[in-house]
Number of protein chains: 2
Amino acid sequence: MTQTGKANGGSDDRPQYVRIGDQLRDRIARGDYAVGALLPTEGELCEEFKISRHTVREALRLLTDAGLIQRRQGSGSRVLAAQPHQNYVHAMRSLDQLFLYASDTRFVIRDMSVAVPEPTLFPEIGGDGAEWLIVRGLRLERDEDIPICDSTVMVNAAYAGIADVLAEGSGAIYRLIEDRYGIEVLEVVQDITVSPITAQAAKSLGKKKDDAAVQVRRRYLGTDGSVILASVNHHPTDRFSYTMHLRREGAKRSWV
Amino acid sequence: MTQTGKANGGSDDRPQYVRIGDQLRDRIARGDYAVGALLPTEGELCEEFKISRHTVREALRLLTDAGLIQRRQGSGSRVLAAQPHQNYVHAMRSLDQLFLYASDTRFVIRDMSVAVPEPTLFPEIGGDGAEWLIVRGLRLERDEDIPICDSTVMVNAAYAGIADVLAEGSGAIYRLIEDRYGIEVLEVVQDITVSPITAQAAKSLGKKKDDAAVQVRRRYLGTDGSVILASVNHHPTDRFSYTMHLRREGAKRSWV
DNA sequence: CAGTGGTCTAGACCACCCC
DNA sequence: GGGTGGTCTAGACCACTGA
């Protein structure tokens with residue numbers, strides 16, 4: 001099955017090379033081009049689809065990136081797999097599950113301001129001199145006083161209007177923005193590293209100044225690629241654990 | 001610093017778009033194009049380098065793939081970072097590259113035995129008294145002597161036959177098992193924590209006894225839910241970085 | 001609206017693989 | 001040597017962004 005929806009009744013305004021790529025993908029999945037065999041040459045595909053070589057090559061690039069074929073100068077394009085072997089997928093039903101500590105947390109705000117973020121903290125967003133709504137605080141387990149992490153959240157100024165409801169501090173901030181502004185977070189880029197703890201985080205989390213902390217940074221990207229919200233969280237190393245399930249799509253599992 | 005060696009005395013037979021890409025990468029690294037700023041337009045780059053637009057676009061594609069810039073129709077190419085992640089990175093850009101990393105590394109075996117695993121190391125598999133093929137070693141970058149992590153791999157006794165090919169040590173072990181036994185890894189469960197470094201890992205990685213390490217544990221599950229292979233890796237904290245992209249399906253991205 | 005990147009064409013020469 | 005994919009040019013039109 002092709003990923004991209006063909007559900008729109010008839011018209012398909014995607015670029016040609018994407019459509020051609022899809023067709024080739026289907027043929028491979030059906031076995032028209034067997035695993036281990038060679039695809040038609042670029043020239044043959046140009047003829048069949050009546051398109052230029054450049055467009056054929058873009059289509060084949062899609063398959064290459066998906067790991068379905070392997071191309072070699074001089075010999076041709078060989079089919080590596082009938083299904084994208086790449087289909088390991090985060091078994092996350094929604095972005096909510098990014099928050100490992102379930103929804104049972106609350107956010108206590110320490111301070112909130114509109115300013116230009118420290119570029120050292122988040123080089124990807126601090127660079128252009130734009131102002132962001134910066135919120136610093138502590139995330140706690142809902143009914144406990146145990147801190148989960150020290151948190152700095154930077155909200156794109158376009159959505160700074162949510163400041164007034166943040167104090168109530170329940171749920172994920174990105175969700176509040178989605179609801180209020182009718183936009184959608186399309187992608188989240190997250191990275192995990194170990195860093196020296198910041199003075200503030202050490203104080204909040206009851207740690208010593210020289211302790212290490214786990215730093216989790218996230219950027220929430222909208223459909224246009226702009227950063228809606230970014231966050232930097234510092235977790236005490238002794239209470240940090242990140243678990244994820246990656247599963248291959250398409251196969252069935254015989255257990256539960 | 002550009003990866004690719006310019007050490008060959010003067011002549012550089014790499015394609016133009018690779019050389020141009022390198023130059024642009026250098027400029028970004030030097031700060032000529034600041035993080036957050038826009039790159040020159042495609043047209044300007046065509047003029048400067050006296051090349052066609054297609055070649056410029058191929059060069060920019062390299063930077064995009066490296067995560068250095070973000071391109072958006074209508075607005076331009078923005079610099080995201082001055083350096084590609086210099087640390088060892090699991091970059092799960094296509095939601096699978098968790099596994100790809102193994103192909104650029106080599107595994108040096110320290111010792112190998114068949115025994116009952118320490119239950120403290122991996123409670124999920126050590127409990128029932130079954131024996132596993134246990135392999136301890138070090139994972140290195142392919143052509144470097146820099147260690148990535150100290151690694152303990154436990155192979156289900158049913159697949160212990162791969163022991164003889166492990167010494168060659170290239171690629172991911174789970175893949176060797178898939179090929180040899182005609183089975184498939186359906187799901188991987190992975191968790192990341194910070195733990196005190198083990199004596200052995202400290203020695204291998206050149207760390208002090210009291211240092212912390214990032215512990216990454218994985219279980220590779222087959223279609224029947226059985227554990228095919230499990231691994232525990234200890235990374236030095238200063239060289240560990242884990243990046244992942246989580247994307248909502250269905251929507252269209254207007255950026256790269 | 002002007003300017004950007006995204007797509008596409010038609011052609012060319014080259015490096016490489018295999019016969 | 002004949003055919004493959006890899007690189008590159010010169011041009012065109014379109015979709016999107018932002019002032």
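Every chain is numbered from 1 and lettered A, B, ... according to where its sequence line falls, protein lines coming before strand lines.
- Among the nucleotides C:dC8, D:dC8, D:dG6, the one closest to the side chain of B:Pro15 is D:dC8.
- Within 4.0 Å (heavy atoms only), A:Arg72 reaches sugar-phosphate atoms of the nucleic acid but no base atom.
- Taking 4.0 angstrom as the limit, A:Tyr17 places a side-chain polar atom (N or O) nearer than this to OP1 or OP2 of C:dT7.
- The shortest distance between the side-chain N/O atoms of A:Arg71 and the OP1/OP2 oxygens of D:dT4 is not below 4.0 Å.
- When each of C:dT7, D:dT17, D:dC16 is scored by its nearest atom to the side-chain atoms of B:Gln73, the top-ranked nucleotide is D:dC16.
- B:Tyr159 pairs in a ring pair (Phe, Tyr, Trp, His ring centres under 6.0 Å) with only one of the listed residues (B:Tyr181, B:Tyr174, B:Tyr220), which is B:Tyr181.
- Checking C:dC8, D:dT7, D:dT17 against the side-chain heavy atoms of A:Gln16 singles out C:dC8 as nearest.
- Between the CD1 atom of A:Ile69 and the P atom of D:dG6 there is a distance of 9 Å, rounded to whole Å.
- A:Gln190 and A:Arg218 share a donor-acceptor pair across their side chains, judged by distance under 3.5 Å alone.
- Interface remark: the A:Arg53 side chain does form a donor-acceptor pair with the D:dG6 base, using a distance-only criterion of under 3.5 Å.
- Look at NE2 on B:His54: it is 15 Å from C1' on C:dG5, rounded to the nearest Å.
- The interatomic distance linking B:Glu42 (CD) with D:dC14 (C1') rounds to 14 Å, in whole Å.
- Residue A:Ile51 places its side chain closer to C:dT9 than to any other of D:dT17, C:dT9, D:dT9.
- Using a 4.0 Å cut-off, some side-chain N or O of A:Ser77 falls inside it from OP1 or OP2 of D:dG5.
- Taking atom NZ of residue B:Lys50 and atom P of nucleotide D:dT7, one finds them 24 Å apart after rounding to whole Å.
- Rounded to a whole Å, the CG atom of A:Asp13 is 13 Å from the C1' atom of C:dT7.
- Across the protein-nucleic acid pair, A:Asp224 atom CG and C:dT4 atom P stand 19 Å apart, rounded to whole Å.
- Atom CD of A:Gln200 sits in a crowded spot, with more than 12 heavy atoms from other residues, nucleotides or ligands closer than 6.0 Å.
- The side chain of A:Ser52 contributes an N or O atom lying less than 4.0 Å from OP1 or OP2 of C:dT9.
- DNA chain C is contacted by both A:Gly74 and B:Arg57; B:Arg57 maps to the nucleotide lying nearer its 5′ end (nearest heavy atom per residue).
- At whole-Å resolution of the value, CD in A:Gln70 and P in D:dG6 are 11 Å apart.
- Going from atom CZ of A:Arg14 over to atom P of D:dA15 covers 16 Å, rounded to whole Å.
- Sequence neighbours left out, not one pair with a member in residues 17-47 of chain B passes ring-ring contact (aromatic ring centres under 6.0 Å, His included).
- Using a cutoff of 4.0 Å between basic side-chain nitrogens and carboxylate oxygens, B:Glu42 and B:Arg61 are not scored as salt-bridged.
- Phosphate proximity of C:dT9 to A:Thr55: present, with a side-chain N or O under 4.0 Å from OP1 or OP2.
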